[in-house]
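Inspection log for the structure reproduced underneath, given as structure tokens.
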Amino acid sequence: MILIGERINGMFTDVKQAIAEKNEKVIQDLARRQTEAGAKYLDVNVGTAAADQEGTIKWLVETIQKTCSTGLCLDSQKPAVIAAGLSVMNTENGGILNSTPLNKKSDEDVLDKYLDMADSAGPGVGVITLTMDKNGVPQDTDTRVAIAAEIVQKAMERGFDPQRLYIDPIILPVKVPNAQSQPGNILNAIEQIKYLAEPSPHITMGLSNLSQGTNERSLINRVFLAMAISRGMDSAIVEVLDKQLMDVVATSEMLMDKQIYSDSFLKVYSTT
Ligand code: THG
């Protein structure tokens with residue numbers, strides 16, 4: 001399971017404040033703790049408060065890199081912000097550009113822009129691609145799979161290895177009215193997306209979106225994570241500091257025969 005730590009995101013009040021005050025320690029502590037908890041990559045999202053998003057992502061990347069060499073997952077819908085982060089990013093442990101839809105009304109070629117940036121960063125850098133197009137986020141399974149198929153096809157046509165793609169079927173809060181059929185649709189989409197290429201593209205999601213606004217955040221996250229892993233999801237942007245959630249990852253991997261059973265399987269688990 002390729003775990004991406006979600007905490008360095010300006011959406012969190014502690015990170016937002018650290019960005020405003022240029023407090024390196026808060027960011028570096030989060031980087032270290034998430035790495036120790038099993039994050040293979042650290043998501044880096046400046047949030048919405050920072051006026052200078054390009055300068056802020058550079059500061060975050062440089063601040064994190066002073067303290068650890070964990071791969072980074074640059075998180076922005078704006079190619080210019082990703083490019084700014086990449087300009088100072090160390091890619092020795094790989095990296096991910098997060099994220100692009102298939103296309104946008106305002107930018108027909110946005111997917112190509114992200115793939116171009118990943119190519120110039122090197123073969124160890126992947127791209128998270130959303131099953132979303134100029135019509136927005138689809139509600140049903142079939143449209144999600146059709147968009148994922150177009151993404152895989154576009155990547156293959158230009159020689160971009162599908163194994164560098166992380167397809168994200170976009171999970172939204174279950175609490176939103178009329179959204180309760182979405183988790184099930186997403187599970188069905190995951191099962192089909194994994195067959196779009198051989199070897200399969202990665203499949204990921206921003207898991208915590210699902211439980212936003214609910215009273216049972218960790219429980220909802222844990223149960224859906226196990227369900228999605230059982231259908232073939234092999235990566236997720238998650239709260240790696242949630243020990244119970246990490247135990248679900250380890251147990252799911254063991255039950256899916258990705259890790260050998262031993263009585264201490266929770267302890268020996270390491271990200272693969
Ligand atoms: N797909 C991809 N990238 C993503 C997402 C996605 N990046 C961002 C997001 N979604 C995943 N990361 C988060 C981070 C935080 C929360 C949810 C998803 C979250 N934050 C608290 C909240 O809003 O309630 C913040 C509260 C606090 O300050 O403590 O839930 O889907 N590719």
Side-chain angles (χ1 to χ4, degrees), residues 1-2 4 43 73-79 82 96-119 125-212 224-238 256:
M1 190 74 185
I2 301 168
I4 305 166
D43 198 61
C73 175
L74 303 177
D75 186 353
S76 174
Q77 306 292 315
K78 296 183 184 155
I82 298 285
I96 303 178
L97 312 185
N98 178 20
S99 58
T100 175
L102 171 64
N103 52 41
K104 278 189 195 177
K105 281 204 179 98
S106 60
D107 190 352
E108 190 67 46
D109 302 319
V110 64
L111 173 63
D112 271 315
K113 286 182 185 159
Y114 278 71
L115 298 183
D116 284 345
M117 288 191 286
D119 272 335
V125 175
V127 178
I128 298 182
T129 58
L130 308 170
T131 61
M132 179 181 173
D133 65 7
K134 55 177 74 158
N135 300 316
V137 179
Q139 300 296 306
D140 62 315
T141 301
D142 290 353
T143 312
R144 284 189 168 91
V145 177
I147 293 172
E150 272 197 72
I151 290 168
V152 170
Q153 189 185 352
K154 275 200 152 201
M156 286 171 99
E157 274 168 7
R158 53 171 283 164
F160 192 94
D161 186 345
Q163 285 186 277
R164 291 170 68 191
L165 293 177
Y166 293 74
I167 299 186
D168 179 345
I170 316 178
I171 188 77
L172 295 172
V174 69
K175 188 177 175 172
V176 167
N178 303 317
Q180 241 182 292
S181 56
Q182 292 312 306
N185 290 347
I186 284 171
L187 294 175
N188 291 335
I190 289 171
E191 198 157 63
Q192 296 179 48
I193 290 168
K194 72 180 173 203
Y195 294 114
L196 289 175
E198 174 62 44
S200 172
H202 296 292
I203 301 174
T204 197
M205 67 170 61
L207 182 70
S208 300
N209 299 355
L210 176 65
S211 61
Q212 271 175 335
F224 194 64
L225 184 61
M227 294 166 90
I229 291 172
S230 82
R231 300 292 194 98
M233 186 174 78
D234 69 340
S235 168
I237 305 162
V238 289
M256 296 286 287

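A quick note: this is a predicted structure, and the numbers were derived from the prediction, not measured. Heavy-atom basis, side chains included; hydrogens, waters and symmetry copies ignored.
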Worksheet entry | Listed partners of Asp119 passing salt bridge (Lys or Arg N to Asp or Glu O under 4.0 Å), at least two apart |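 Per chain and number, Asp119 pairs via salt bridge (Lys or Arg N to Asp or Glu O under 4.0 Å) with Arg158, Arg164.
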Could you tell me whether the side chain of [X] and the main chain of [Y] form a donor-acceptor pair under 3.5 Å?
| X | Y | value |
| --- | --- | --- |
| Lys194 | Arg231 | yes |
| Gln139 | Gln182 | no |
| Asp234 | Ile203 | yes |
| Arg144 | Thr131 | no |
| Thr141 | Asn185 | yes |
| Asn209 | Ile171 | yes |

Fill in: Sole residue of Leu225, Leu210, Ile190 in side chain to side chain contact (heavy atoms under 4.5 Å, CB included) with Met205
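Testing each of Leu225, Leu210, Ile190 against Met205, the sole residue satisfying side chain to side chain contact (heavy atoms under 4.5 Å, CB included) is Ile190.
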State, yes or no, whether a side-chain contact exists between [X] and [Y] at a heavy-atom distance under 4.5 Å.
| X | Y | result |
| --- | --- | --- |
| Asp133 | Glu150 | no |
| Phe224 | Ile186 | yes |
| Pro138 | Ile147 | yes |
| Leu165 | Met156 | no |
| Pro201 | Val152 | yes |

Can you measure from [atom1] ([X]) to [atom2] ([Y]) and round to the nearest 0.5 angstrom?
| X | Y | atom1 | atom2 | value |
| --- | --- | --- | --- | --- |
| Gln77 | Asp107 | CD | CG | 11.5 Å |
| Ile2 | Ile237 | CD1 | CD1 | 12.0 Å |
| Met233 | Asp168 | CE | CG | 9.5 Å |
| Ile128 | Ile4 | CD1 | CD1 | 4.5 Å |
| Ile167 | Ser235 | CD1 | OG | 12.0 Å |
| Thr100 | Leu130 | OG1 | CG | 7.0 Å |

Give the minimum heavy-atom separation between [X] and [Y], together with the two atoms involved.
| X | Y | value |
| --- | --- | --- |
| Ser200 | Gln163 | O-CG, 3.8 Å |
| Leu97 | Tyr114 | CD1-O, 3.7 Å |
| Ala179 | Pro173 | CB-O, 3.6 Å |

Worksheet item: In this structure, are over 12 heavy atoms from other groups packed under 6.0 Å from Gln180 atom CD?
Response: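 No - once you tally the heavy atoms of other residues, nucleotides and ligands closer than 6.0 Å, there are 12 at most.
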